[in-house]
Amino acid sequence: YAGMLSFAQMALFGIGAYVSALMAMRWGTPFWLNFLMAGLVAGAVALPLGVPALRLRRYSFVMCTLGFAVIAQTLAKNWVSVTRGDLGLSNVPRPVLGLWSGGIEVRAITSYYYLALGLAVIAVLAFLAIVSSPAGRYMVAIREDETLAASVGAPTWRYRMAAFVLSGVFAGCGGSFYVHYYTVISPTILTKLA
């Protein structure tokens, strides 16, 4: 809605997937906690990336975010002690919907469908709430004409940053769902969305 084309989303998706997989495999944390932390960590990574990147205009912004995606993939390949490099992580636990112990393990395709449907409904409701808010109207105004929006007093950089960080949060959450569905992750995930 803010009119930004970002290639950082594939890296933020992968970061969320790695965070979720590592938490589940090393600490045995429940799916909902992994899902939330994946989104929060991806958003936290998007924040410092957005500070310099959002000062750039269109094509430079796109190239900056593409550079970040390349750096993230290189880091995932070479940080073997955490990501196992090109071998990747396998046997990521399937989601268990419940609190700390017990609950329903999601195994069947139809169960994943309903889980994805529920998450999609929540995401759409969140997007509708954002778009219908004053912040969402500012984002649409920035997309249509950033110079005009700035001339009438809209804090364009702040709303572009909010949109960038929120998109990072949603990308990280998507990565979490992905890794718990496929139960395997490797550095190639950081380039598959391109």
Side-chain angles (χ1 to χ4, degrees), residues 1-23 34-79 82-83 119-120 122-179 185 187-194:
Y1 279 95
M4 299 178 293
L5 175 62
S6 171
F7 285 112
Q9 298 316 107
M10 59 186 147
L12 298 170
F13 181 90
I15 288 168
Y18 270 110
V19 166
S20 190
L22 289 169
M23 285 180 65
N34 300 337
F35 185 79
L36 292 175
M37 285 305 295
L40 290 175
V41 170
V45 170
L47 183 65
L49 171 64
V51 171
L54 291 172
R55 299 203 184 279
L56 303 171
R57 294 291 175 180
R58 301 197 186 268
Y59 301 116
S60 301
F61 173 77
V62 171
M63 295 307 293
C64 181
T65 59
L66 180 61
F68 174 73
V70 170
I71 291 168
Q73 183 188 24
T74 303
L75 185 64
K77 279 187 175 190
N78 293 318
W79 200 2
V82 174
T83 65
L119 294 174
I122 292 169
V124 167
L125 291 174
F127 283 129
L128 288 175
I130 291 168
V131 171
S132 62
S133 72
R137 289 190 289 275
Y138 274 128
M139 289 178 197
V140 171
I142 291 166
R143 178 190 67 207
E144 297 301 324
D145 190 347
E146 186 174 350
T147 307
L148 180 61
S151 71
V152 295
T156 58
W157 189 85
R158 184 172 29 166
Y159 285 110
R160 289 177 72 213
M161 176 62 85
F164 189 69
V165 171
L166 280 172
S167 69
V169 169
F170 280 98
C173 290
S176 175
F177 180 80
Y178 174 90
V179 75
I185 185 173
T188 57
I189 188 66
L190 297 159
T191 58
K192 286 194 181 220
L193 298 177

*Under the salt bridge (charged side-chain N to carboxylate O under 4.0 Å, His left out) rule, what pairs show up with a residue in residues 40-57, not counting sequence neighbours?*
Arg57-Glu146
_Does anything in residues 122-144 form a side-chain hydrogen bond (donor to acceptor under 3.5 Å, both in side chains)? List the pairs, not counting sequence neighbours._
none
*Aromatic contact, Phe177 with Phe35 (centres under 6.0 Å)*: no
*For Ser6, enumerate each residue passing the side-chain hydrogen bond (donor to acceptor under 3.5 Å, both in side chains) test, keeping only those at least two apart in sequence or located in another chain.*
Gln9
_Please report the interatomic distance SG(Cys173) to CD1(Ile122), rounded to the nearest 0.5 Å._
10.0 Å
*Would you name the heavy atoms of Ala42 and Leu12 that are closest together and state the gap between them?*
O-CD2, 3.5 Å
N/O donor to acceptor pairs below 3.5 angstrom from side-chain atoms of residues 153-172, sequence neighbours left out:
unit_1, atom_1, unit_2, atom_2, d
Arg160, NH1, Leu54, O, 3.0
Ser167, OG, Ala163, O, 3.3
Ser167, OG, Phe164, O, 2.8

Using atom types as modelled, flag every donor-acceptor pair under 3.5 Å from a side chain in residues 68-77 to any protein atom, sequence neighbours excluded.
unit_1, atom_1, unit_2, atom_2, d
Thr74, OG1, Val70, O, 2.9

*Which pair of heavy atoms, one from Gly14 and one from Ile185, lies closest together, and at what distance?*
O-CD1, 4.2 Å
*Let me see the working for Met10 and Thr65 under side chain to side chain contact (heavy atoms under 4.5 Å, CB included), right down to the final yes or no.*
CA-CA 10 Å; Met10 59 186 147; Thr65 59; over 6 Å; no
*Closest approach of Leu148 to Ser151 (non-hydrogen atoms, all atoms of both residues)*: O-OG, 2.6 Å
Let me have the donor-acceptor pairs involving side chains of residues 15-23, under 3.5 Å, with sequence neighbours excluded, atom names and distances please.
unit_1, atom_1, unit_2, atom_2, d
Ser20, OG, Ser176, OG, 2.8
Ser20, OG, His180, NE2, 2.7

*Please step through side chain to side chain contact (heavy atoms under 4.5 Å, CB included) for the pair Phe61 and Leu5, ending with a clear verdict.*
CA-CA 8 Å; Phe61 173 77; Leu5 175 62; 5.7 Å; no
